[in-house]
Amino acid sequence: MKFLDKETIKLDRELNELDKFVLDFLKILEKHTDYVIISGYVSILLGRTRGTEDIDVFIKELNKNKFLDLYNNLKRKGYWCLNSEGSGEIYSYLEDGLAVRFALKGETIPNFEVKFARNNLAKESFNERITVITKGGNIKISSLERQIAFKRYYLKSDKDLEDAKHIEEVFKNNIDRKKINIFKNLIMEEDEKAKTRKK
Amino acid sequence: MKKLKPGKNNKEDRINFVKYWADFVRNSKDELWSRQQNVLINSQIQNARYVKMSRKDYLNLKGELR
């Protein structure tokens with residue numbers, strides 16, 4: 001795999017069942033809204049040796065009618081929502097800042113965990129996105145520096161620290177370490193604000 | 001290819017493997033490393049499809065049953 005430019009990675013990997021699930025879902029999603037994939041699947045796409053049961057994606061906020069179009073299209077193409085059958089209820093979860101999960105009908109794993117990008121960190125993850133060109137289509141992921149910072153300084157589990165290390169090692173000649181620090185500070189500020197709001 | 005360095009404990013051992021594998025990914029053709037990675041990922045997906053957990057059980061397991 002190699003960077004073609006700052007915003008594009010060419011990836012010649014053999015596609016697996018998870019990649020095919022992702023690409024099929026994205027082909028529907030991108031007809032309705034813009035998206036960015038974050039977290040675990042990014043490191044897996046880029047070679048990490050682990051599986052995952054869900055793919056985290058931020059989407060740009062939709063009004064209720066536009067969400068209904070997306071939901072109906074997903075249903076027509078053979079997906080179901082794990083959280084509810086009712087479009088109103090699903091939309092209200094998204095409006096409340098919660099994530100909803102979509103899988104192929106009759107299945108639960110793998111699933112897409114879909115969330116509206118509402119807070120600053122989520123909205124900013126659309127900036128400096130990277131398009132990964134695969135044999136089955138393009139996948140938009142958040143920047144590698146953002147991934148590393150989010151996993152290392154916010155999520156912090158062993159699995160997340162390993163994901164961050166994998167990306168850092170594979171792209172050691174492309175990573176901007178100053179940017180990781182900038183994102184680290186933003187994440188910690190946002191985390192502090194969230195803690196203050198809870199008090 | 002670099003040799004895999006044994007860790008003094010499980011955590012260090014896992015990080016050493018992450019570095020070792022990342023080195024392989026960086027220095028190999030995508031087709032080569034992805035073929036090995038896919039064995040793991042495809043088996044997980046096939047297993048999940050075989051087990052067929054209900055929506056309710058899955059959300060309960062994730063602590064997301066509303």
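Residue numbers begin at 1 in each chain, while the letters A, B, ... track the order of the sequences. These figures come from a predicted structure and were not determined experimentally.
Contact of the B/W21 side chain with the A/R48 side chain is not registered, since no non-hydrogen atoms from C-beta on lie closer than 4.5 Å. Put simply, the side chain of A/E169 does not reach to within 4.5 Å of the side chain of B/V18, judged on heavy atoms. Counting heavy atoms from C-beta outward, A/K165 and B/R14 have side chains that stay 4.5 Å or more apart. When side chains are defined from C-beta on, B/I45 does not count as touching A/F21, because their heavy atoms never get closer than 4.5 Å. Within the 4.5 Å cutoff, the side chain of A/E53 has heavy atoms near those of the B/K62 side chain.
Two different hydrophobic clusters hold A/F58 and A/L186 under the rule that ILVMFWY side chains link at heavy-atom gaps under 4.5 Å. Under the 4.5 Å side-chain heavy-atom criterion for grouping Ile, Leu, Val, Met, Phe, Trp and Tyr, A/F67 is connected to A/I28 within one hydrophobic cluster. A/I9 and A/I38 fall into different hydrophobic clusters, defined by Ile, Leu, Val, Met, Phe, Trp and Tyr side-chain heavy atoms under 4.5 Å apart, directly or through other members. Under a hydrophobic-cluster definition in which Ile, Leu, Val, Met, Phe, Trp and Tyr are linked whenever side-chain heavy atoms come within less than 4.5 Å, directly or via other members, A/Y153 and A/L155 are assigned to different clusters. There is no path of hydrophobic side-chain contacts, each under 4.5 Å, that joins A/L68 to A/V114.
A distance of 4.5 Å separates CG of A/N16 from CD1 of B/I41, quoted to the nearest 0.5 Å.
Between chain B and the options A/D54, A/D163, A/N111, heavy-atom pairs under 4.5 Å are most frequent for A/N111. Your options are B/K19, B/K11, B/R49, B/Q36, and the one with the most heavy-atom pairs under 4.5 Å with chain A is B/R49. Ranked by heavy-atom pairs under 4.5 Å with chain A, the first of B/K52, B/Q46, B/E64 is B/E64. Chosen from B/Y58, B/F17, B/W33, the residue pairing most often with chain A at heavy-atom distances under 4.5 Å is B/Y58. When each of A/I109, A/L98, A/T49 is scored by its heavy-atom pairs under 4.5 Å with chain B, the top score falls to A/T49. No other option in B/R26, B/R66, B/R55 has as many heavy-atom pairs under 4.5 Å with chain A as B/R55. Between chain B and the residues A/E168, A/R101, A/K2, A/R50, the largest count of heavy-atom pairs under 4.5 Å involves A/R101.
Between B/K29 and A/D12 there is no salt bridge, since no side-chain N of the basic residue sits under 4.0 Å from a carboxylate O of the acidic one.
Residue B/K56 does not touch chain A at all, counting heavy-atom pairs closer than 4.5 Å. Heavy atoms of A/K159 lying under 4.5 Å from chain B are absent altogether. Using a 4.5 Å cut-off between heavy atoms, B/Q37 contacts chain A through its side chain alone, with no backbone atom that close. In this structure, the portion of A/E113 lying under 4.5 Å from any heavy atom of chain B is its side chain and not its backbone. Of the atoms belonging to B/F24, not a single heavy atom falls under 4.5 Å from chain A. At a 4.5 Å heavy-atom cutoff, B/S43 makes no contact with chain A through either its backbone or its side chain. Looking at A/Y93, the atoms closer than 4.5 Å to chain B (heavy atoms on both sides) all sit in the side chain, from C-beta outward. Heavy atoms closer than 4.5 Å to chain B are found in the backbone of A/A99, but not in its side chain. Only the backbone of A/L46 comes within contact range of chain B, with at least one heavy atom under 4.5 Å from a heavy atom of that chain.
Residues B/V25 and A/G47 share a closest heavy-atom pair of CG2-O, 4.1 Å.
Judged purely by distance below 3.5 Å, without hydrogens or angles, the side chains of A/R13 and B/N38 pair a donor atom with an acceptor atom.
Heavy atoms of other residues, nucleotides or ligands lying less than 6.0 angstrom from NZ of A/K135 number more than 12.
Of the possible polar contacts, one joining the B/D30 side chain to the A/M1 backbone as a donor-acceptor pair under 3.5 Å is found.
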